[in-house]
Student: 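Pasting a structure below so you can have a look.
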Amino acid sequence: MNPFDVALFAAAIRLSVPLLLAALGELISERAGVINIGLEGMMLFGAYAGFLAAYATGSVGLGLLAGIGLGLVLGAIMAFVSVTLRGDQIVVGVALNLLAAGLTLFLYRLQFGGTQPTTVKMEPYAVPLLSDIPGIGPVLFHQLPLVYLAYVLGPVVAYLLYRSRRGLRLRSAGEKPEVLDSTGVDVARVQWSAVLAAGALAGLAGAFLSVGQVGLFAENMTAGRGFLALAAVVFGQWRPYGVVAACLVFGFTDALQLRLQSMGAVPQQVWIALVALGLVVGAVGAWRARRSGSPLRWVLLGAVLCVVVGTLGAALVPGFALPSQFWLSLPSVLSLVALAASARRVRAPAMLGRALPVRG
């Protein structure tokens with residue numbers, strides 16, 4: 001059975017959406033100089049609030065709005081402690097994650113006990129004519145409505161950051177806040193707005209998980225997606241279209257691992273894809289090395305390993321089986337590899353994670 005079919009790519013687009021919503025919000029926040037480690041907790045709270053609202057009202061829209069609303073509240077808490085009180089941003093984010101993991105589970109069990117209630121969920125919308133295009137139609141134009149909104153949001157964020165006065169102020173807050181302050185702009189207010197936007201989008205991402213996809217809430221249903229969104233911002237080099245591309249890669253990996261968990265032996269197509277990936281990575285690495293003059297030894301070594309392992313797997317062990325836990329860890333492993341590969345060639349905003357200087 002070939003795992004690389006139309007359903008896999010459609011699932012990859014859909015599974016990338018919660019990552020994309022959270023990552024775009026985090027991009028706005030980090031560009032303003034505030035790192036939101038609590039993204040995972042905000043998503044989990046958003047998933048719980050969205051489920052409760054949809055369960056009580058039977059409305060998907062109200063469920064999504066509840067997720068956004070609670071995300072805004074958590075964003076306000078994050079902004080108040082880290083911006084106004086100048087608290088440690090990492091500590092505040094970790095506290096939000098711990099609070100979300102414990103409180104959502106406690107409240108859920110308090111209300112529903114050991115049962116697993118379900119609620120309404122979002123239905124796919126097929127774009128007329130476009131959804132009938134062979135191949136790409138079912139992948140791109142027969143998706144949930146929020147999928148279309150998420151991918152429109154990418155260009156909107158790019159325009160906001162690089163083509164608007166508000167975006168210029170936001171980037172200045174993350175690079176040279178003293179210069180922005182000298183023009184009479186309240187830097188704290190700029191950071192507040194960025195963190196609130198991150199909270200709202202994280203809450204929407206969480207509500208999409210519970211109300212948009214499955215119509216239920218489960219313990220720790222975010223499953224590390226908040227941390228993957230953080231990695232996507234770094235992997236995308238703090239640029240909107242780079243973040244979109246990184247989320248697509250992570251979404252595809254997530255869809256692939258779900259598919260491969262249900263299979264016994266590793267399909268031969270996976271080994272062939274590994275060889276193709278190695279060749280592409282090697283070609284891109286050689287081109288970049290020639291252009292920039294840097295050796296990129298580790299990239300080329302990784303490409304060679306992909307080609308060798310893929311060739312040996314396809315030729316020698318076609319019936320080789322791997323445990324499901326291996327595939328389950330694939331997105332996290334990929335995020336670590338991506339962060340390691342991009343660590344030396346990206347530059348974070350200068351004020352990222354640092355409190356604003358006290359006015360003298």
Student: Under the 3.5 angstrom rule, does the side chain of Arg163 hit a backbone N or O of Leu160 as a donor-acceptor pair?
Tutor: no
Student: With a 4.5 Å limit on heavy-atom distance, are the side chains of Pro240 and Leu27 in contact?
Tutor: yes
Student: Counting N and O atoms only, with roles assigned by atom type, does the side chain of Glu123 sit under 3.5 Å from a partner on the main chain of Leu144, one being a donor and the other an acceptor?
Tutor: no
Student: As a quick check of understanding, evaluate salt bridge (charged side-chain N to carboxylate O under 4.0 Å, His left out) for Arg31 and Glu26, giving each step before the final call.
Tutor: CA-CA 8 Å; Arg31 276 293 193 172; Glu26 180 66 13; over 6 Å; no
Student: Any side-chain to backbone donor/acceptor pair from Tyr162 onto Gly167? Under 3.5 Å, distance only.
Tutor: no
Student: Is there side-chain contact between Met122 and Leu64, with heavy atoms separated by less than 4.5 Å?
Tutor: yes
Student: Any idea which heavy atoms bring Ala53 and Leu62 closest together, and the distance?
Tutor: CB-O, 3.8 Å
Student: Is the closest side-chain heavy-atom distance between Gln143 and Tyr125 below 4.5 Å?
Tutor: no
Student: Does Val139 share a hydrophobic cluster with Leu248, counting links as ILVMFWY side-chain heavy atoms below 4.5 Å and allowing steps through other members?
Tutor: yes
Student: For a quick check under 3.5 Å, do Ser210 and Tyr55 share a side-chain donor-acceptor pair by atom type?
Tutor: no
Student: Shortest non-hydrogen contact from Pro349 to Glu30?
Tutor: CG-O, 3.4 Å
Student: Enter the distance from Met78:CE to Thr84:OG1 here, rounded to the nearest 0.5 Å.
Tutor: 12.0 Å
Student: Rounded to the nearest 0.5 Å, what separates atom CG in Leu149 from atom CG in Leu204?
Tutor: 7.0 Å
Student: Is there a donor-acceptor pair under 3.5 Å between the side chain of Tyr148 and the backbone N or O of Phe141?
Tutor: yes
Student: Can you check whether Ser59 reaches Val120 side chain to side chain, under 4.5 Å on heavy atoms?
Tutor: no
Student: For Phe208, what residues pass the ring pair (Phe, Tyr, Trp, His ring centres under 6.0 Å) criterion, not counting sequence neighbours?
Tutor: none
Student: Is the closest side-chain heavy-atom distance between Leu146 and Tyr151 below 4.5 Å?
Tutor: no
Student: Check whether any side-chain heavy atom of Gln191 sits under 4.5 Å from a side-chain heavy atom of Leu356, and report yes or no.
Tutor: yes
Student: Do Val179 and Val83 belong to the same hydrophobic cluster, where Ile, Leu, Val, Met, Phe, Trp and Tyr are linked whenever their side-chain heavy atoms lie under 4.5 Å apart, directly or via other members?
Tutor: no
Student: What closest approach, in Å, do Gln257 and Asp254 show between heavy atoms, and which atom pair accounts for it?
Tutor: NE2-OD1, 2.8 Å
Student: Over all heavy atoms of both residues, which pair between Ser16 and Ile13 is shortest? Give the atoms and the distance, please.
Tutor: OG-O, 2.7 Å
Student: How close do Pro124 and His142 get, heavy atom to heavy atom, and via which atoms?
Tutor: CB-CE1, 4.1 Å
Student: Verify whether the ring centers belonging to Phe9 and Phe252 lie closer than 6.0 Å.
Tutor: yes
Student: Taking the side chain as every heavy atom from C-beta outward, state whether Ile90 and Ile35 have any atom pair closer than 4.5 Å.
Tutor: yes
Student: Please examine the side chains of Arg109 and Glu219, heavy atoms only from C-beta on, and report whether any two atoms are closer than 4.5 Å.
Tutor: yes
Student: Any donor and acceptor pair, going by atom type alone, linking the side chain of Thr115 with main-chain N or O of Phe112 inside 3.5 Å?
Tutor: yes
Student: Group every Ile, Leu, Val, Met, Phe, Trp and Tyr by side-chain heavy-atom contacts under 4.5 Å, then state whether Ile37 and Val195 land in the same group.
Tutor: yes
Student: With rounding to the nearest 0.5 Å, note down the distance linking SG in Cys247 to CG in Leu19.
Tutor: 5.5 Å
Student: Strictly by modelled atom types, are Tyr108 and Gln116 linked by a side-chain donor-acceptor pair under 3.5 Å?
Tutor: yes
Student: Quick check for you: to the nearest 0.5 Å, what is the distance between Asn97 atom CG and Phe45 atom CZ?
Tutor: 10.0 Å
Student: Grouping I, L, V, M, F, W and Y whenever their side-chain heavy atoms are under 4.5 Å apart, do Tyr241 and Val234 come out in a common cluster?
Tutor: no
Student: Measure the OG-CG distance between Ser29 and Leu39 for me, rounded to the nearest 0.5 Å.
Tutor: 9.0 Å
Student: Determine whether a donor-acceptor pair (N or O, by modelled atom type, separation under 3.5 Å) exists between the side chain of Arg169 and the backbone of Val190.
Tutor: no
Student: Return the CZ to CG distance between Phe235 and Leu230, rounded to the nearest 0.5 Å.
Tutor: 15.0 Å
Student: Closest heavy-atom contact between Ala205 and Pro18?
Tutor: CB-O, 3.4 Å
Student: Is there a donor-acceptor pair closer than 3.5 Å between any side-chain N or O of Arg189 and the backbone N or O of Val185?
Tutor: no
Student: Is there a donor-acceptor contact under 3.5 Å linking the side chains of Ser82 and Gln89?
Tutor: no
Student: Mind checking whether Leu103 and Val81 sit in one hydrophobic cluster, side chains of I, L, V, M, F, W, Y counted as touching below 4.5 Å?
Tutor: yes
